[in-house]
K.L.:
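One structure, pasted below without further comment.
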Amino acid sequence: MRPRFHLRAAAAALAALALVAGGCRRTPAPAPAQPRAAVEPTPAPTSIVLYFPGDDTFLHRETRDVPELPTAVESRVRLLVSELLAGSRQGWAAPFPWPVSVKTVFADKSGDLFLDLSSPPPDVIAGTEGEVALTYATVNTVIANCPGIERVQLLFGGHEIETFGHLDLSRPLAAAPALVAP
Amino acid sequence: MSSRSFMTGLLALALAWPAGAVSVTTGTGNVVVFSRADLVDVVGLLRLTGAEVNFSPAAGSYVAANGKHDVQFTPGGSLAVVDGNLVPLPGPVRLLEGHVVANLTVATALLAPFGWAVRGGPEALQLVAVQGSVPIELSVVQSASGTLLVVRGVSTTPRLSRSYEQIDLTFPVRVTLTQPVAPSGGLLGAEIEDSTLHLRLAPGLDVVTTYPLEDPPRFVLRLGPAENAAAPVQTPSGPIVVLDPGHGGEDRGAQGPGGELEKDITLAVARLTAAQLQAAGITTRLTRDGDEAISLNDRTALANRLHAVAFLSIHVNASPAKGARGAETYFMNADPSDVQAAQAAARENAGSPPNAVQLILWDLAYVANLNASARLAGLVQTQMNALHGIPDRGVKQAPFVVLVGATMPAALVEIGFLSNPDEAAKLVSPDTQSAIAAALASAVTTFVRTPATTPPPEATPTPRP
């Protein structure tokens with residue numbers, strides 16, 4: 001089935017771009033005053049969590065270290081997608097059936113992140129499992145590594161799409177822990 | 001109430017707000033309807049219009065019908081299904097002291113499909129027959145795929161029914177034709193009667209498929225040979241199950257390494273399953289019975305119009321994990337944030353195209369059908385696991401477009417993997433297809449014959465007029 005496109009994301013994109021520079025983390029509440037010496041800054045984590053599809057039809061969690069974890073949300077999400085695209089080191093399948101690239105990333109104040117990926121070639125995404133793998137490997141990975149992000153909507157080629165034939169992709173999706181192997 | 005379509009207004013309702021005693025004056029006497037503050041018993045009002053109102057335990061919903069229109073609504077929800085189409089209500093329908101109540105704005109929205117409105121305020125109400133009609137335009141278009149009939153002027157998808165060489169499109173409002181329609185392309189004539197457009201077709205022709213278009217709103221019927229027609233929508237007696245063979249037409253779905261097509265396998269399995277269910281005495285309809293492209297919206301709309309007790313969408317899977325095998329069964333996602341998002345979208349987009357309206361179906365699924373859908377999915381998955389001989393993976397949840405519009409228990413089953421060469425070869429085998437059909441029929445039969453009962457609220461003791 002050909003994807004059905006909608007043109008609703010542009011306004012949200014413009015409104016939210018300014019938030020990107022603020023990083024993944026939402027603005028924290030003021031910390032209580034510390035009675036003694038200043039708290040050491042928390043070192044940036046160097047481990048990321050990725051999700052890959054397996055033969056058992058579940059997503060599988062894979063942790064790996066990266067030299068540096070960017071603070072800004074766009075850079076961090078670009079890193080995550082590139083690591084997903086690089087593939088599993090434990091033999092799980094690739095979630096993206098085409099050499100995807102990240103076009104734009106933006107987030108809004110409600111915790112929704114919009115990830116604009118390059119468009120897939122026609123008919124390359126097939127079957128429910130193909131859609132689930134692509135969608136939830138990405139959604140789960142982004143949410144697991146970006147505190148403050150609660151839902152992710154995938155855009156393709158700058159367009160919001162309704163579906164590739166099965167899943168409703170017309171809105172931001174929450175992580176789906178039930179699709180991850182126990 | 002049989003003369004309601006010719007009346008300008010009657011039935012003064014002398015409501016004693018907020019005491020709860022509502023005196024309804026009709027031509028034959030007085031009737032009492034329950035009320036509290038600004039809430040009024042909508043079941044009582046609907047019955048005053050002549051509609052029959054019944055509770056459907058399977059769907060957890062009330063269905064009001066008068067033979068021409070039907071309205072389904074769920075206490076706790078702010079949606080209604082009018083003639084098979086989802087319509088956002090201006091507020092929720094509630095349960096109060098064993099009665100199904102809503103404010104006057106919501107009550108009017110529920111009465112509108114039957115040609116009635118409620119007027120007035122807290123002191124007194126009138127049930128008023130709505131006058132006027134909506135002009136529609138009917139045109140005949142010849143295309144490469146056959147004759148298309150295009151109806152312009154209404155944004156709501158009409159209910160389609162058939163009689164001998166005639167198609168009836170029933171709208172939720174009265175309609176008139178803006179201009180006469182000359183016979184053309186197999187259409188012999190078109191006449192309006194109240195809210196129904198009668199289309200007389202040439203012998204051997206039927207409506208093969210229908211679909212809505214947007215901007216401006218149109219409803220399109222494609223004509224073709226009668227033997228290719230989609231399932232009729234007359235409501236037979238007894239529980240109805242709707243099976244949905246995934247994909248079709250230009251949408252081939254997944255493809256196996258040997259060229260096996262998902263759309264062909266799903267149709268074959270659905271036909272076999274339907275035959276087994278019919279043999280077991282369960283009325284079964286297919287969303288398509290040929291190689292037709294049917295929109296995802298139309299698939300569930302058919303099940304909604306038929307008031308089906310179960311909807312099962314049949315698919316064949318494909319995975320980037322080439323070793324994936326076995327069956328998967330899904331039902332709707334249960335993430336509360338999805339529901340909130342859907343409801344927010346509904347508020348923002350009330351009156352927008354069907355795409356936006358679709359999103360808010362989440363709350364119906366929550367209110368009425370989620371548990372039953374899980375049970376249906378579980379029964380299907382258990383049967384399929386036994387067939388494939390694989391360990392139980394349980395059922396899964398995800399937001400499927402084809403399930404989002406269903407107002408009855410609904411599930412989607414992936415009967416195997418075309419991306420797995422071994423399974424692909426088996427899935428085109430008639431023996432395998434028969435075995436899968438038997439498994440699906442067994443699960444659906446168990447579901448229908450031993451339904452999970454949702455106890456209805458205390459019956460609304462509204463006297464009939």
Side-chain angles (χ1 to χ4, degrees), chain A residues 1-2 4-6 8 52-60 87-88 91-98 110-112 123-137 139 150-151 153 160-182, chain B residues 246-256 262 293 295-296 313 315-328 330 332-338 341-342 344-345 349 353 355-356 358-359 362 390-391 393-404 412-414 417-420:
Chain A
M1 173 175 287
R2 295 177 63 82
R4 286 185 273 180
F5 291 94
H6 297 284
R8 207 180 60 181
F52 293 97
D55 283 355
D56 58 359
T57 74
F58 284 103
L59 294 172
H60 291 263
S88 168
W92 306 117
F96 299 117
W98 80 104
S110 67
D112 290 344
D123 299 327
V124 73
I125 301 173
T128 294
E129 201 60 34
E131 289 182 32
V132 167
L134 161 68
T135 302
Y136 282 104
V139 170
E150 297 173 359
R151 300 183 303 177
Q153 179 168 359
E160 186 178 281
I161 75 163
E162 181 179 350
T163 182
F164 281 115
H166 301 90
L167 292 181
D168 179 2
L169 301 176
S170 65
R171 59 194 173 79
L173 298 172
L179 297 178
V180 179
Chain B
H247 308 277
E250 293 180 354
D251 175 14
R252 300 179 303 176
Q255 187 168 357
E262 179 180 4
S295 77
L296 297 174
S313 190
H315 288 252
V316 189
N317 220 337
S319 172
K322 298 305 178 190
R325 59 181 286 264
E328 304 261 87
Y330 287 87
M332 283 299 292
N333 206 336
D335 185 349
S337 68
D338 290 331
N349 297 298
N355 175 53
Q358 264 199 331
L359 295 175
W362 289 88
I390 61 174
R393 299 168 180 153
V395 296
K396 295 181 176 178
Q397 290 178 270
F400 284 94
V401 176
V402 78
L403 300 182
V404 78
L412 182 149
V413 60
E414 299 278 355
F417 280 86
L418 275 177
S419 52
N420 181 317

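The figures that follow rest on heavy atoms only: side chains count, while hydrogens, waters and symmetry mates do not. In what follows, chains are A, B, ... by sequence order, proteins preceding strands, each numbered from 1.
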K.L.:
Using 0.5 Å steps for rounding, measure from the NZ atom of Lys396(B) to the CZ atom of Phe58(A).
P.N.:
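So the NZ of Lys396(B) and the CZ of Phe58(A) are separated by 4.5 Å.
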K.L.:
Taking all heavy atoms of Leu173(A) and all of Pro399(B), pick out the closest pair and write down the distance.
P.N.:
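Looking at all heavy atoms of both residues, the closest pair is CD2-CG, 3.8 Å.
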K.L.:
Name the option with the most non-hydrogen atom pairs under 4.5 Å to chain A; the candidates are Ser319(B), Ala254(B), Ser419(B).
P.N.:
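That would be Ser319(B).
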K.L.:
Supply the atom-to-atom distance Thr57(A) OG1 to Arg325(B) CZ, rounded to the nearest 0.5 angstrom.
P.N.:
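Thr57(A) atom OG1 to Arg325(B) atom CZ measures 11.5 Å (nearest 0.5 Å).
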K.L.:
Looking only at non-hydrogen atoms, find the nearest pair between Asp123(A) and Arg252(B) and report the distance.
P.N.:
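Closest heavy-atom pair between Asp123(A) and Arg252(B): OD2-NH2, 4.4 Å.
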K.L.:
Once side chain to side chain donor-acceptor pair (under 3.5 Å) is applied, do any residues pair with Thr135(A), and if so which ones, sequence neighbours excluded?
P.N.:
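Listed in chain order: nothing, the list is empty.
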K.L.:
Where on Leu412(B) is there a heavy atom nearer than 4.5 Å to chain A: the side chain, the backbone, both, or neither?
P.N.:
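Side chain only.
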K.L.:
Under a 4.5 Å cut-off applied to non-hydrogen side-chain atoms, are Val401(B) and Glu162(A) in contact?
P.N.:
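Yes - at least one pair of side-chain heavy atoms lies under 4.5 Å apart.
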K.L.:
Identify which part of Ala94(A) has an atom lying under 4.5 Å from any heavy atom of chain B, answering side chain, backbone, both or neither.
P.N.:
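Looking at Ala94(A), just its backbone touches chain B.
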K.L.:
Which value, rounded to the nearest 0.5 Å, describes the distance between Glu328(B) atom CD and Thr128(A) atom OG1?
P.N.:
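Here the rounded value is 8.5 Å.
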K.L.:
What distance separates Phe400(B) CZ from Leu167(A) CG, expressed to the nearest 0.5 Å?
P.N.:
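The distance works out to 5.0 Å.
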K.L.:
Might you point out which heavy atoms bring Gly130(A) and Pro320(B) nearest each other, and give the distance in Å?
P.N.:
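The pair with the smallest heavy-atom distance is CA-CD, 3.9 Å.
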K.L.:
I need the minimum non-hydrogen distance between Gly323(B) and Asp55(A), along with the two atoms involved.
P.N.:
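Closest approach of Gly323(B) to Asp55(A), heavy atoms only: N-OD1, 3.2 Å.
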K.L.:
Taking Asn317(B) for its side chain and Glu129(A) for its backbone only, find out whether a donor-acceptor pair lies under 3.5 Å.
P.N.:
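Such a contact is found between Asn317(B) side chain and Glu129(A) backbone.
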